[in-house]
Amino acid sequence: MEMIDLSAIKGQQQVVGILQGFLETGRLPHALLFSGPEGVGKRHAAELFARAVFCRSDGPVPCMACEACRKIERGTFPDLITVEIPEGKTRILIDQVREIERIVAYHPFSGDERVIIIDPADLMTDDASAAILKTLEEPPAGTHFILITGRASSLAPTILSRCQKVRFSPLPPSVIAEILGGGDDAQEAADMARGSLERARALMSGGMVSAQGQIIGGLAEMKLNDPSGIQELFASLVKYKVEIFDSIDILKCWYRDLIIDRETHREGDLVYHRLVKDFGGSWGNTDVGSLILSMEAVEQIEQILNSRMYLNMRIAMEALFIRLVELKYNQ
């Protein structure tokens, strides 16, 4: 039996065990769903798993040295196909899925296996989702799909039911700090990243720090009935290229910290220590009930956006900011 080396998948021991089991038995599901928070290594794990599927080394696989591994490294291996959002678009399109349907109608080029990675699967158009469902219902022999998503609830139940689910967990801060190279800055970013390597890297580069300051500082200065201020706050997020769901994560963490600070005064449990020190006073007259309602308002908007019931994200976020300002003044 070939030795399997998936040690490059950090902080996901359960995932590694599942994937090793597939490889060791040779029983690969026709469709896998890699789900979990953003920035925890789902895409990296999918690519490494695909290498192991195709590797022909006599030693540990993936060896990163055989012809298949080298071609995958160069992006020229014909039986590993990645479907992503095209440049200038916001969704994976039906034409991309139709091209996959055309390809899988033929036998794999280099052997008996083919792997198709779809990332992010939750951002396929409705037509693309319907088309990929047909392929998953009647999967061609030797073809394996890996669907990657940070929001599995946004996928159609019919797609979910046809996939073997592999759940990724938030990364431990110690693992994130190690990947970032160690040191005080890396550890601080890891502690604030809530399990996301991607978010920790953004923190270290300053992008997320700026976003946190923009959102929390903007709300701290906001007065009641200030629609122009709300619009300016949203415009600043666009300027800093802050994703909507990153903004929601920042807000959830902020109100969590305010509630903890108010109820327990345990500074060690806070994520945004500096922000609470700098801006927490603006919520000094906000009662705990309003803070809890603020958290619930953020979570409600997150659920609405996840369900795609409300596609105008700007209006949704501006309405959320208005409500949060009202609650800051116990309105």
Side-chain angles (χ1 to χ4, degrees), residues 4-54 62 80-85 91-92 96-97 100-101 104 113-126 128-172 175 194-199 245 249 299 302-303 305-308:
I4 311 299
D5 182 12
L6 298 178
S7 59
I9 302 175
K10 302 292 186 181
Q12 302 288 349
Q13 288 80 5
Q14 184 174 3
V15 169
V16 170
I18 292 170
L19 299 182
Q20 284 180 332
F22 292 148
L23 293 168
E24 289 170 357
T25 62
R27 297 176 180 174
L28 307 183
H30 75 275
L32 291 165
L33 178 69
F34 284 13
S35 67
E38 299 295 344
V40 297
K42 299 186 296 294
R43 176 66 173 267
H44 177 60
E47 293 172 346
L48 191 61
F49 180 68
R51 287 178 187 261
V53 169
F54 295 121
L80 175 58
I81 302 166
T82 301
V83 182
E84 301 175 299
I85 296 173
R91 298 288 178 88
I92 292 172
Q96 295 171 270
V97 176
I100 293 301
E101 292 174 332
V104 301
E113 309 284 351
R114 177 189 285 121
V115 175
I116 299 171
I117 298 172
I118 302 179
D119 180 24
D122 55 284
L123 287 182
M124 290 186 285
T125 64
D126 291 342
S129 295
I132 203 67
L133 176 60
K134 293 180 181 178
T135 304
L136 295 179
E137 288 173 337
E138 300 178 4
T143 295
H144 311 283
F145 287 87
I146 302 177
L147 279 61
I148 300 175
T149 179
R151 301 180 181 93
S153 61
S154 296
L155 289 169
T158 46
I159 290 179
L160 294 174
S161 68
R162 285 164 175 79
C163 297
Q164 173 76 48
K165 298 172 183 63
V166 180
R167 175 72 183 178
F168 286 68
S169 302
L171 295 172
V175 170
R194 287 173 287 120
S196 170
L197 176 61
E198 184 178 303
R199 185 175 287 108
F245 286 100
D249 283 346
E299 291 174 341
E302 181 181 35
Q303 291 172 2
L305 295 178
N306 270 329
S307 69
R308 301 182 187 175

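Owing to the predicted nature of the structure, the values given are computational and were not obtained by experimental measurement.
- Every residue was checked against the side chain to side chain donor-acceptor pair (under 3.5 Å) condition with S161, not counting sequence neighbours, and none meets it.
- Annotation: side chain of I148 is in contact with side chain of I117 (closest heavy-atom distance under 4.5 Å).
- Interatomic distance, CG of L133 versus CD of E138, reported as 10.5 Å (0.5 Å rounding).
- Among residues two or more places apart in sequence or in another chain, the side chain to side chain contact (heavy atoms under 4.5 Å, CB included) test is passed with A156 by T158, I159.
- Shown here for T135 and P140, the closest heavy-atom pair between the two residues is CG2-CD, 4.2 Å.
- Annotation: side-chain hydrogen bond (donor to acceptor under 3.5 Å, both in side chains) contacts involving residues 139-149, sequence neighbours excluded, comprise E113-H144, R114-T143, D122-T149.
- Atoms OG and CG, on S196 and D249 in that order, are 8.5 Å from each other to the nearest 0.5 Å.
- Separation of atoms OG (S129) and CD1 (I92) is listed at 8.5 Å; rounding is to 0.5 Å.
- Every residue was checked against the side chain to side chain donor-acceptor pair (under 3.5 Å) condition with Q96, not counting sequence neighbours, and none meets it.
- Scored by the salt bridge (Lys or Arg N to Asp or Glu O under 4.0 Å) test, E137 finds R162 as partners (sequence neighbours excluded).
- With sequence neighbours excluded, the residues satisfying side chain to side chain contact (heavy atoms under 4.5 Å, CB included) with P170 are P37.
- Pairs passing the ring pair (Phe, Tyr, Trp, His ring centres under 6.0 Å) check and including a residue from residues 19-42, sequence neighbours excluded, read F34-F168.
- By the ring pair (Phe, Tyr, Trp, His ring centres under 6.0 Å) test, F54 pairs with F77, sequence neighbours left out.
- Residues A131 and V97 share a closest heavy-atom pair of CB-CG1, 3.5 Å.
- Rounded to the nearest 0.5 Å, atoms NZ (K42) and CZ (R167) are 8.5 Å apart.
- In this structure, the side chains of I81 and I100 come closer than 4.5 Å at one or more pairs of heavy atoms.
- Applying the salt bridge (Lys or Arg N to Asp or Glu O under 4.0 Å) test to E84 and every residue at least two apart in sequence or in another chain returns R43.
- Here the CZ atom belonging to F49 is positioned 14.0 Å from the NE2 atom belonging to H44, to the nearest 0.5 angstrom.
- Among residues two or more places apart in sequence or in another chain, the ring pair (Phe, Tyr, Trp, His ring centres under 6.0 Å) test is passed with F145 by none.
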Exercise. Should V104 and I116 be marked as a side-chain contact (heavy atoms from CB on, under 4.5 Å) after you check the CA-CA gap, both sets of side-chain angles, and the distance that decides it?
Worked result: CA-CA 10 Å; V104 301; I116 299 171; 3.5 Å; yes
Problem set entry | Stepwise side-chain contact (heavy atoms from CB on, under 4.5 Å) check, I146 with I118 | CA-CA 6 Å; I146 302 177; I118 302 179; over 6 Å; no
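- Considering every non-hydrogen atom in both L80 and A50, the closest pair reads CD1-CB, 3.7 Å.
- Scanning both residues, P62 and L48, for their nearest heavy atoms gives CG-CD1, 3.6 Å.
- Every residue two or more places apart in sequence or in another chain was checked for a salt bridge (Lys or Arg N to Asp or Glu O under 4.0 Å) with E38, and none qualifies.
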Throw together a table of side-chain donor-acceptor distances under 3.5 angstrom for residues 12-19, partners on residues two or more places apart or in other chains.
residue : atom : partner : partner atom : Å
Q12     : OE1  : S169    : N            : 3.0
Q12     : NE2  : S169    : O            : 2.6

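- In this structure the side chain of V166 never reaches within 4.5 angstrom of the side chain of L33, judged on heavy atoms.
- Contact check for L23 versus L6: side-chain heavy atoms found under the 4.5 Å cut-off.
- Inter-residue side-chain proximity for R194 and R199 is flagged as met; some heavy-atom pair is nearer than 4.5 Å.
- Atoms CG and SG, from L136 and C163 in turn, are 5.5 Å apart once rounded to the nearest 0.5 Å.
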